[in-house]
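Take a look at the structure below.
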Amino acid sequence: MEERYNSYSKYIRETFGERVQKISVDGGFTCPNRDGSKGRGGCTYCNNETFNPTHTSAKKSVREQLEEGIAFFEPKYKTQKYLAYFQAYTNTYDTIEHLADLYNQALSHSKVIGLVVSTRPDAINIKVVELLSELAKENYVVVELGIESTINKSLKLINRCHTFQDTIDAYELLKDKGIHLGGHLIIGLQGEGSDDFIEHAKQVSKLPIEFLKLHQLQIIKGTVMAKQFSVNPEKFNLFTVDDYVREVVSFLGHLRSDIVLERFSSESPRDMLIAPKWGGLKNFEITEKIRKLLKTENIFQACNR
Ligand code: SF4
């Protein structure tokens, strides 16, 4: 089928010429929106129950985690290379010395060709940018920022404890430093509708990003949002699969043409997910629905810009 958007798999093929697998590593970080420096309790959709302040000392080293991840994937895909994905919590929120140690541990593995570092916009500063841009001289380095929304009212409602201007400022610091830049966005926050999603597409198109991940809003057990949902479910306009697919297709029509779509949805563990339940559909099945609707509606990425 003709590709009507920039897919991540094509980008990876063209960039590396072969399959590259991300291996998640937990660097034992916390989050400024949990420890009180920005806020307490975290973002309303974030699962606080999995947060264990003592796990830092108990967990395995970055090297051990990578070895285990590679041992898992290697028998399946013999030739692939790996990216160390610092995914959990805020992966730039520590001293520069400790960050350098963790990132270098990952990069010292012979099969690891780069880093993907996920973080909050307000956890980016000059020193972090200097460290990552130095590493990017010899390695493939990605920074992913949690944008989540471009509307400050929504960011406040979900207790992000940063504004969209913080996101813009963080990308300003990060751009043109040899670091590949990505972001993620939640589609369907309380109070947001179709026009807001189109506005998100227009606003993120102004950011110096190469990649974007979209996630549908999900209500996860153990979160502040789960409590809010149980009291006032009418305040949440959770999508059916088909409605979500329609919103994403409309979003793509307004998105800058060169941005690579890394994913369209998120699959939370079934036992953790309260709503929306989409009959266990996998991400690739949702992507397929998006592809089909793009074709039916004759929409291409950026066709409505
Ligand atoms: S979503 Fe990220 S920024 Fe928000 S509380 Fe959870 S770890 Fe912190």
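In listed order, ligands and their atoms are each counted from 1.
Interface of Y45 with ligand 1, defined as ligand atoms under 4.0 Å from a residue heavy atom, comprises 1 (S). Of all atoms in ligand 1, numbered sequentially from 1 with element shown, those under 4.0 Å from a heavy atom of C43 are 1 (S), 3 (S), 4 (Fe), 5 (S). Against a heavy-atom cut-off of under 4.0 Å, Y89 is close to the following atoms of ligand 1: 7 (S). Ligand 1 places these atoms under 4.0 Å from at least one heavy atom of G42: 5 (S). Within the listing of ligand 1, atoms 3 (S) sit less than 4.0 angstrom from a heavy atom of R120.
In summary, the side chains of N47 and T223 do not present any donor paired with an acceptor at a separation below 3.5 Å, with no hydrogens or angles considered. Side-chain contact, D35 with Y93: a donor N or O sits under 3.5 Å from an acceptor N or O. A donor-acceptor pair shorter than 3.5 Å cannot be found between the side chains of D242 and T240.
E67 CD to K111 NZ: the interatomic distance, rounded to the nearest 0.5 Å, is 8.0 Å.
With a cut-off of 2.8 Å, atom 8 (Fe) of ligand 1 has an N, O or S atom of C31 in range.
Panel note: side chain D122, backbone H162; no donor-acceptor pair is recorded below 3.5 Å.
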